[in-house]
Amino acid sequence: MSTASPPATTRGRRVFHGWWIVATFAITQTIGYGSLYYAFAVLLHPIATALNTSPAVVTGAFTTAILAQAAAAVPVGRWLDHHGGRALMTTGALLGAAMLVAWSQARTIWQLYLIFAGLGVAMAMALYEAATPVLVSWFDATRRPRAILGMIVVAGFASTIFMPLTGWLTDRHGWRATLLLLAALYASVAVPLHLLVVRRAPQHPHAPRTVSPAQRRDLIRAATRDRRFWCLVVAFVAHAAAMTAMTVHLVGYLTSRGHPATFAATVAGLLGVLSVTGRLLLTATGRRLRVHRVVAAIFAVQAAAALCLPVLAGSRLGSVLAVTAFGLGFGVSSLATPQLLAERYGTTAYASIAGTLAAFVTLAKAGAPLAAAALLTRSGGYVPALLAIGGACLIAAGGILARADTTRSRAAGTRPAVAAATVDRL
């Protein structure tokens, strides 16, 4: 994976192609997340009724998708490093649309689980895990945050757009027809855009003409032997677990405190909106402060919000204040991860290194709601779960700061020529 380095966003009157890819991903990620991910929450109960089973059993199918996505993360990263994103993301969009069609025809539970395994692979091939490395390869360290921000700010509204849309379509046409409509929309937009717009970045002028597989393996090995990498793994796994658990259980907690369900759902909806605010805050402050310090501070604020929520949630104002503080960090990881990984390990093997991290993070997303539910059942209340969420955010802040100011030794296994090229690319 090479990093293009244009002196500006335009050359003459021609727009730098990387920005066309950003615009493409802003569209395809919004539709992709809306169709492949967020539609499930709306369709959960209609599907359970149609298949004559419980919502818990249907939710297990979604967990299967998350596990399949985690399993695919590392091979997807390796493919991106070697071949770029066009074929992979085009195929992923096709597979995702096909799985939506198959989902609409599911008649048994085993069929649903099998379909969702394929859906998880499609998500790994076509959503953020694939799109972000493509953007990392196209932009240098100065422009990379703006490029990734341009994608995720727009895609951050996927739930806002597609959850009401899916509900409206389901009310009018039923869940099976809704899935067919979403499949048609996703295939007609994402497949041609990925095929026609996504391409490999031009070679950096100071980089070697080619990077051998052995050199790339050296970079991956050096990163995975670096203690700073595992500190990041701990940080982002803990943070992902906290975010997922809070998302699943926030509405239930607020209603348990006596708030109306409508108010609880509205306050929980702030998390999606505030994720955009947090990303903008990180981008703005990251120009003046070290990124890891800003991210750690945001995670610490989230920890304080989660720990204070049992005290503040008795009133509507207190609930809004606590959720607002927590929501500021809700989408920060998707922007901080590529910045920190590229800053520490370069872009030559970025997708493979990021895929390794993504596998652990995705597993945390799959397991955290179940762990929180088990804690809730054992304790008989939400407070222990909220304390665990706050503790996880503190662990995340500590992991971000741990060894952040140390440098990786060349003796860790990176060949000198490759290491120099990697620094040049940043």
Side-chain angles (χ1 to χ4, degrees), residues 1-10 15-33 73 76-90 92-93 123-158 189-190 193-204 207 236 275-276 279-280 282-283 286-287 291 331-358 361 422 425-426:
M1 177 178 288
S2 60
T3 303
S5 55
T9 59
T10 60
V15 176
F16 175 54
H17 188 77
W19 294 112
W20 289 113
I21 298 178
V22 171
T24 292
F25 287 163
I27 297 169
T28 62
Q29 296 302 297
T30 301
I31 300 174
Y33 271 100
V76 162
R78 290 175 179 170
W79 176 279
L80 287 166
D81 278 333
H82 285 84
H83 306 289
R86 174 187 282 177
L88 180 83
M89 298 191 71
T90 302
M123 289 193 291
M125 295 170 67
L127 297 183
Y128 279 164
E129 286 80 3
T132 302
V134 172
L135 295 185
V136 167
S137 73
W138 271 90
F139 292 90
D140 60 21
T142 302
R143 295 173 180 83
R144 190 176 299 133
R146 283 193 295 140
I148 296 173
L149 182 68
M151 172 183 70
I152 63 179
V153 162
V154 177
F157 290 99
V189 176
L193 283 178
H194 288 168
L195 180 63
L196 297 175
V197 180
V198 178
R199 64 180 67 163
R200 300 203 75 169
Q203 191 76 15
H204 188 281
F236 286 120
S275 69
V276 176
R279 290 160 177 166
L280 293 172
L282 176 61
T283 302
R287 297 169 185 169
V291 170
V332 163
S333 290
S334 59
L335 187 59
T337 300
Q339 291 189 54
L340 291 172
L341 287 181
E343 177 186 274
R344 296 182 184 188
Y345 306 111
T347 61
T348 302
Y350 171 85
S352 296
I353 297 169
T356 302
L357 173 59
V361 169
T422 302
R425 294 177 191 192
L426 293 176

Novice: Just by distance, do the side chain of Gln29 and the backbone of Ala126 share a donor-acceptor pair under 3.5 Å?
Specialist: yes

Novice: Okay, side chain of Trp138, backbone of Arg199: is any donor-acceptor separation there less than 3.5 Å?
Specialist: yes

Novice: With sequence neighbours excluded, tell me which residues meet side chain to side chain donor-acceptor pair (under 3.5 Å) with Ser334.
Specialist: Arg279

Novice: About how many Å separate CG of Asp81 and OG1 of Thr348, when rounded to the nearest 0.5 Å?
Specialist: 8.5 Å

Novice: Quick check on the 6.0 Å ring-centre criterion: do Trp20 and Phe25 meet it?
Specialist: no

Novice: Would you give the length of the straight line joining atom CD1 of Ile152 to atom CG of Leu335, rounded to the nearest 0.5 angstrom?
Specialist: 4.5 Å

Novice: Where is the tightest heavy-atom contact between Gly150 and Ala26, given as atom of each residue plus distance?
Specialist: O-CB, 4.1 Å

Novice: Looking only at side chains, do Thr28 and His194 share a donor and an acceptor under 3.5 Å apart?
Specialist: yes

Novice: So, taking the atom named OG1 in Thr132 and the one named OH in Tyr350, what distance separates them when rounded to the nearest 0.5 Å?
Specialist: 6.0 Å

Novice: Within this structure, what is the CG-OG1 distance for the pair Leu341 and Thr347, rounded to the nearest 0.5 Å?
Specialist: 12.0 Å

Novice: What about the rings of Tyr128 and Tyr33, do their centers lie closer together than 6.0 Å?
Specialist: yes

Novice: Please examine the side chains of Arg200 and Ser137, heavy atoms only from C-beta on, and report whether any two atoms are closer than 4.5 Å.
Specialist: no

Novice: What is the minimum heavy-atom distance between Ala358 and Glu129, and which atoms define it?
Specialist: CB-CG, 4.1 Å

Novice: Just how far is it from atom CD1 of Ile148 to atom CG of Leu135, taken to the nearest 0.5 Å?
Specialist: 6.0 Å

Novice: Could you check whether any side-chain N or O of Arg144 sits under 3.5 Å from a backbone N or O of Phe139, counting only pairs where one atom can act as donor and the other as acceptor?
Specialist: yes

Novice: Shortest non-hydrogen contact from Thr30 to Ala155?
Specialist: OG1-CA, 3.3 Å

Novice: Compare every heavy atom of Thr24 with every heavy atom of Val197, then report the nearest pair and how far apart it is.
Specialist: CG1-OG1, 3.2 Å

Novice: State, with a plain yes or no, whether a side-chain heavy atom of Phe16 is found less than 4.5 Å away from one of Val22.
Specialist: no

Novice: Closest approach of Met151 and Ala131, non-hydrogen atoms and distance?
Specialist: SD-CB, 3.7 Å

Novice: So, does His83 use its side chain to make a donor-acceptor pair with the main chain of Leu88 at under 3.5 Å?
Specialist: no

Novice: Between Asp140 and Arg143 (salt bridge meaning N to carboxylate O under 4.0 Å), is one present in this structure?
Specialist: yes

Novice: Apply side chain to side chain contact (heavy atoms under 4.5 Å, CB included) to the pair Thr90 and Val198, showing each step before the final yes or no.
Specialist: CA-CA 9 Å; Thr90 302; Val198 178; over 6 Å; no

Novice: How many angstroms lie between OG in Ser333 and CG in Leu340, if you round to the nearest 0.5 Å?
Specialist: 9.5 Å

Novice: Return the minimal non-hydrogen interatomic distance between Val136 and Pro338, and the atom names on each side.
Specialist: CG2-CB, 4.0 Å

